Engineer: 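First the structure, then my questions, so here it is.
Small disclaimer: the values here were computed from a predicted structure and weren't measured.
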Amino acid sequence: MLLKNSVLKVLEENKGKTISGAYIANTLNLSRTSIWKAINALRNEGYVINAVTNKGYSLATDTDIISKEGIALYLNKELSDIEIYSHKTITSTNELAKNLALTGAKHGTTIISEEQTSGKGRLGRSFYSPANTGIYMSMILRPNLTAMDSVLITTSSCVAICNAIYKVTNVQSQIKWINDIFIDNKKVGGILTEASTNFESGTIDYLILGIGINFDIPKNNFPKELQEIAGSIFKGNSNGVTRNMLCAEIINNILTMIPKIKSYDFITEYKKRSITLNKNIQYTSAGISLNGKAIDINNDGSLIVEHDDGSIKILNSGEVTIRGIN
């Protein structure tokens, strides 16, 4: 495993270039036979590695397989030592992240998979997580915050993800309160946070930030019941942008934002990207469905709703439906 990953690291660093087997062998202090075996193992995993006689190997530029080695190329220098665990398939990245957090995994540790068989959404729902087309990742965060501040991580992370999408893909995205990412009125992703709190101090021991993004899924590839409400950043042609690039930029943005979260600077951007503000919405409180208008978002991320009779309701969590948007 370590041999294969070492060879992949060299190939990712020289993606699109032809590099000799001798160069790889000398760089890694390995035999040519070992390199050949590692190349074949990577090909079996789906990597497109071209071989040119007497010249060497080249990782195809359109190869888009998520890996620790691929993500590491685009991380900020100060984040180069974070732990990244990449998988082909997994039940739920959040579940593995919780297990790692309980054994002491450090702040920033990231679990990512090509596919989830039991992806988790909010309110106990499942999250559609097909292989090779999305980003399914969970980050272990250990912020110096209280349980009351958890919503700040959700809202700031939404901004961080939208900014990452724009920087990497040049596609603008919006936010539906509180944790959904939308493009062209279609949901392309969302965030699920699960926190463990020290009850004596009220501080967060660890928080699992689960992120799901539909990266490159044509409309007809979604299940029929999702085709009119779900979307994707790309729809069959990612134009050379890879998921490794976007994963890295999301990690960069979130880990850079967390230390500055109590400045609330991100709230202005959150409001600019909001498709909920100034819209008539429906929400549920104490089991009763109510209607109102979303008139503002507080610094703590809570939604201010005004009813027809002028009364005000502050929502700190829950599900809202925007009239006119699925």
Engineer: Could you go step by step and tell me if Ser113 and Lys88 meet the side chain to side chain contact (heavy atoms under 4.5 Å, CB included) rule?
Structural biologist: CA-CA 6 Å; Ser113 182; Lys88 289 297 179 186; over 6 Å; no

Engineer: Nearest 0.5 Å please: distance from the OG atom of Ser80 over to the CG atom of Leu73.
Structural biologist: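 So the gap between those two atoms works out to 12.0 Å.
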
Engineer: Measuring only between side-chain heavy atoms, which start at C-beta, is Tyr136 closer than 4.5 Å to Ile213?
Structural biologist: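 They are not in side-chain contact.
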
Engineer: Side chains of Leu315 and Ile304: closer than 4.5 Å at any heavy-atom pair?
Structural biologist: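 No, side chains not in contact.
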
Engineer: So, the side chain of Arg32 versus the backbone of Ala25: is there a donor-acceptor pair under 3.5 Å, distance only?
Structural biologist: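 Answer holds: no.
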
Engineer: Do Ile140 and Leu102 share a hydrophobic cluster, counting only Ile, Leu, Val, Met, Phe, Trp and Tyr and linking them when any side-chain heavy atoms are less than 4.5 Å apart?
Structural biologist: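 Yes, it is one cluster - the side chains of Ile140 and Leu102 are joined through contacts under 4.5 Å.
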
Engineer: With clusters defined by side-chain heavy atoms of hydrophobic residues (ILVMFWY) lying less than 4.5 Å apart, directly or transitively, does Tyr74 cluster with Val171?
Structural biologist: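 Both belong to a single hydrophobic cluster.
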
Engineer: Verify whether one side chain among Thr154 and Ser157 offers a donor that lies under 3.5 Å from an acceptor in the other.
Structural biologist: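 There is no such pair (donor and acceptor under 3.5 Å, judged by atom type) between the side chains of Thr154 and Ser157.
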
Engineer: Please determine if Lys98 and Glu194 form a salt bridge, counting it only when a charged side-chain N lies under 4.0 Å from a carboxylate O.
Structural biologist: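 Yes.
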
Engineer: Set out, in order, the CA-CA distance, both residues' side-chain angles and the distance that settles side chain to side chain contact (heavy atoms under 4.5 Å, CB included) for His107 and Leu255, then state yes or no.
Structural biologist: CA-CA 9 Å; His107 177 74; Leu255 293 183; 3.7 Å; yes

Engineer: Just wondering, are more than 12 heavy atoms of other shown residues or ligands nearer than 6.0 Å to NZ in Lys167?
Structural biologist: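 Atom NZ in Lys167 is not crowded, with 12 or fewer foreign heavy atoms closer than 6.0 Å.
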
Engineer: Keeping the roles fixed (side chain from Thr284, backbone from Gly287), state whether a donor-acceptor pair exists under 3.5 Å.
Structural biologist: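 No; zero donor-acceptor contacts below 3.5 Å.
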
Engineer: Taking the side chain as everything from C-beta on, heavy atoms only, tell me whether Ile314 gets closer than 4.5 Å to Leu303.
Structural biologist: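 A side-chain contact is absent here, since even the closest heavy-atom pair is not under 4.5 Å.
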
Engineer: By the salt bridge (charged side-chain N to carboxylate O under 4.0 Å, His left out) test, which pairs, at least two apart or in different chains, include something from residues 203-216?
Structural biologist: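 Non-adjacent pairs meeting salt bridge (charged side-chain N to carboxylate O under 4.0 Å, His left out): Arg142-Asp205.
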
Engineer: Testing the 3.5 Å rule here: is there a donor-acceptor pair between the side chains of Glu115 and Thr89?
Structural biologist: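 Per modelled atom types, Glu115 and Thr89 side chains form a pair under 3.5 Å.
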
Engineer: Surrounding CG of Asp309 (heavy atoms of other residues, nucleotides or ligands, distance under 6.0 Å), is the total greater than 12?
Structural biologist: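 More than 12 heavy atoms, drawn from other residues, nucleotides or ligands, come within 6.0 Å of this atom.
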
Engineer: Do Ile19 and Val10 touch side chain to side chain, with heavy atoms closer than 4.5 Å?
Structural biologist: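 Of all side-chain heavy-atom pairs linking Val10 with Ile19, at least one is under 4.5 Å.
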
Engineer: Which heavy atom of Ala147 sits nearest a heavy atom of Thr197, and at what distance?
Structural biologist: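 Answer, listing the atom of Ala147 first, then Thr197: CB-OG1, 3.7 Å.
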
Engineer: Walk me through whether Lys186 and Ile229 qualify under side chain to side chain contact (heavy atoms under 4.5 Å, CB included).
Structural biologist: CA-CA 5 Å; Lys186 298 287 184 71; Ile229 60 176; 5.5 Å; no

Engineer: Looking at side-chain heavy atoms only, is the closest gap between Met148 and Asn316 below 4.5 Å?
Structural biologist: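 Contact flag for Met148/Asn316 side chains = no.
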
Engineer: Give the C-alpha distance, both sets of side-chain angles, the deciding distance and a yes or no for side chain to side chain contact (heavy atoms under 4.5 Å, CB included) between Gln174 and Asn185.
Structural biologist: CA-CA 8 Å; Gln174 292 78 43; Asn185 287 337; over 6 Å; no

Engineer: Return yes if some donor-acceptor pair links the side-chain N/O of Asp180 with the main-chain N/O of Lys176 below 3.5 Å, else return no.
Structural biologist: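 No, Asp180 side chain to Lys176 backbone: no donor-acceptor pair under 3.5 Å.
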
Engineer: Do Tyr47 and Ser67 have side chains that approach each other closer than 4.5 Å (heavy atoms only, starting at C-beta)?
Structural biologist: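 SC-SC contact between Tyr47 and Ser67 confirmed.
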
Engineer: Answer yes or no: is there a side-chain heavy-atom contact under 4.5 Å between Ile178 and Ile191?
Structural biologist: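 The answer is no; the side chains never approach within 4.5 Å.
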
Engineer: Is a side-chain donor-acceptor pair under 3.5 Å present for Ser201 with Thr203?
Structural biologist: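 Checked: Thr203/Ser201 side chains pair up, N/O donor to acceptor below 3.5 Å.
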
Engineer: Is the shortest heavy-atom distance from the side chain of Phe215 to the side chain of Leu246 under 4.5 Å?
Structural biologist: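 Phe215 vs Leu246: side chains touch.
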
Engineer: Once rounded to the nearest 0.5 Å, what's the spacing between atom CG of Leu152 and atom OH of Tyr270?
Structural biologist: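 Leu152 CG to Tyr270 OH: 11.0 Å, rounded to 0.5 Å.
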
Engineer: Could you see if Leu8 belongs to whatever hydrophobic cluster contains Leu3? Use Ile, Leu, Val, Met, Phe, Trp, Tyr and a side-chain cutoff under 4.5 Å.
Structural biologist: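 Linked, Leu8 and Leu3 end up in one cluster.
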
Engineer: Counting only heavy atoms not in Asn44, do more than 12 sit closer than 6.0 Å to its CG atom?
Structural biologist: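 Atom CG in Asn44 is crowded, with more than 12 foreign heavy atoms closer than 6.0 Å.
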
Engineer: Answer yes if the side chains of Asn50 and Ser58 hold a donor-acceptor pair under 3.5 Å, and no otherwise.
Structural biologist: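 Judged by distance alone, the side chains do not pair up.
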
Engineer: To the nearest 0.5 Å, what is the distance between CZ on Arg43 and CG on Asn40?
Structural biologist: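 The distance works out to 6.0 Å.
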
Engineer: Report yes or no: does Thr256 contribute a side-chain atom to a donor-acceptor pair with the main-chain N or O of Asn253 at less than 3.5 Å?
Structural biologist: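 Such a contact is absent between Thr256 side chain and Asn253 backbone.
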
Engineer: Strictly distance-based, threshold 3.5 Å: is any side-chain N or O of Trp177 a donor or acceptor partner for the main-chain N or O of Gly301?
Structural biologist: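 A pair under 3.5 Å: yes.
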
Engineer: Do Tyr166 and Ile254 share a hydrophobic cluster, counting only Ile, Leu, Val, Met, Phe, Trp and Tyr and linking them when any side-chain heavy atoms are less than 4.5 Å apart?
Structural biologist: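 No.
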
Engineer: Looking only at atom types and distance, does a side-chain atom of Ser285 sit under 3.5 Å from a main-chain N or O of Ile288, one as donor and one as acceptor?
Structural biologist: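 Checking the backbone N and O of Ile288 against the side chain of Ser285, no donor-acceptor pair under 3.5 Å is found.
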
Engineer: Between Lys313 and Glu306, does any side-chain N to carboxylate O distance fall below 4.0 Å?
Structural biologist: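 A salt bridge is absent here (no side-chain N lies under 4.0 Å from a carboxylate O).
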
Engineer: Could you verify whether a donor N or O on one side chain and an acceptor N or O on the other, from Asp300 and Ser302, lie under 3.5 Å apart?
Structural biologist: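 Short answer, yes.
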
Engineer: Could you check whether Glu12 pairs with Lys9 (Lys NZ or Arg NE/NH1/NH2 to Asp/Glu carboxylate O, under 4.0 Å)?
Structural biologist: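 Result for this pair is no, no salt bridge flagged.
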
Engineer: Taking Ile275's backbone N and O only, do any of them form a donor-acceptor pair with Lys279's side chain (distance below 3.5 Å, no angle check)?
Structural biologist: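 A pair under 3.5 Å: yes.
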
Engineer: Kindly determine whether Asp149 and Lys262 satisfy salt bridge (Lys or Arg N to Asp or Glu O under 4.0 Å), including the steps that lead there.
Structural biologist: CA-CA 9 Å; Asp149 296 321; Lys262 295 303 286 282; 3.7 Å; yes

Engineer: Return yes if a side-chain donor-acceptor contact under 3.5 Å exists between Ser92 and Asn94, otherwise no.
Structural biologist: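 No, because no side-chain N or O of Ser92 sits under 3.5 Å from a partner of the opposite role on Asn94.
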
Engineer: Using modelled atom types only, decide if a donor and an acceptor are shared between the side chain of Thr109 and the backbone of Ala105 within a distance under 3.5 Å.
Structural biologist: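 Judged by distance alone, no pair lies under 3.5 Å.
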
Engineer: Does Ile281 belong to the same Ile/Leu/Val/Met/Phe/Trp/Tyr cluster as Ile312, with side-chain heavy atoms less than 4.5 Å apart forming each link?
Structural biologist: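 No.
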
Engineer: Verify the neighbour count for atom CG of Asn29: are there more than 12 heavy atoms of other residues, nucleotides or ligands below 6.0 Å?
Structural biologist: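 No - once you tally the heavy atoms of other residues, nucleotides and ligands closer than 6.0 Å, there are 12 at most.
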
Engineer: Using atom types as modelled and distance alone, determine if a side-chain donor or acceptor of Glu114 lies under 3.5 Å from a backbone N or O of Ile66.
Structural biologist: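 The answer is yes, because a donor-acceptor pair under 3.5 Å joins these two groups.
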
Engineer: With distance as the sole test, does Asn221 use its side chain to make a donor-acceptor pair with the main-chain N or O of Ile217 at under 3.5 Å?
Structural biologist: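 Judged by distance alone, no pair lies under 3.5 Å.
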
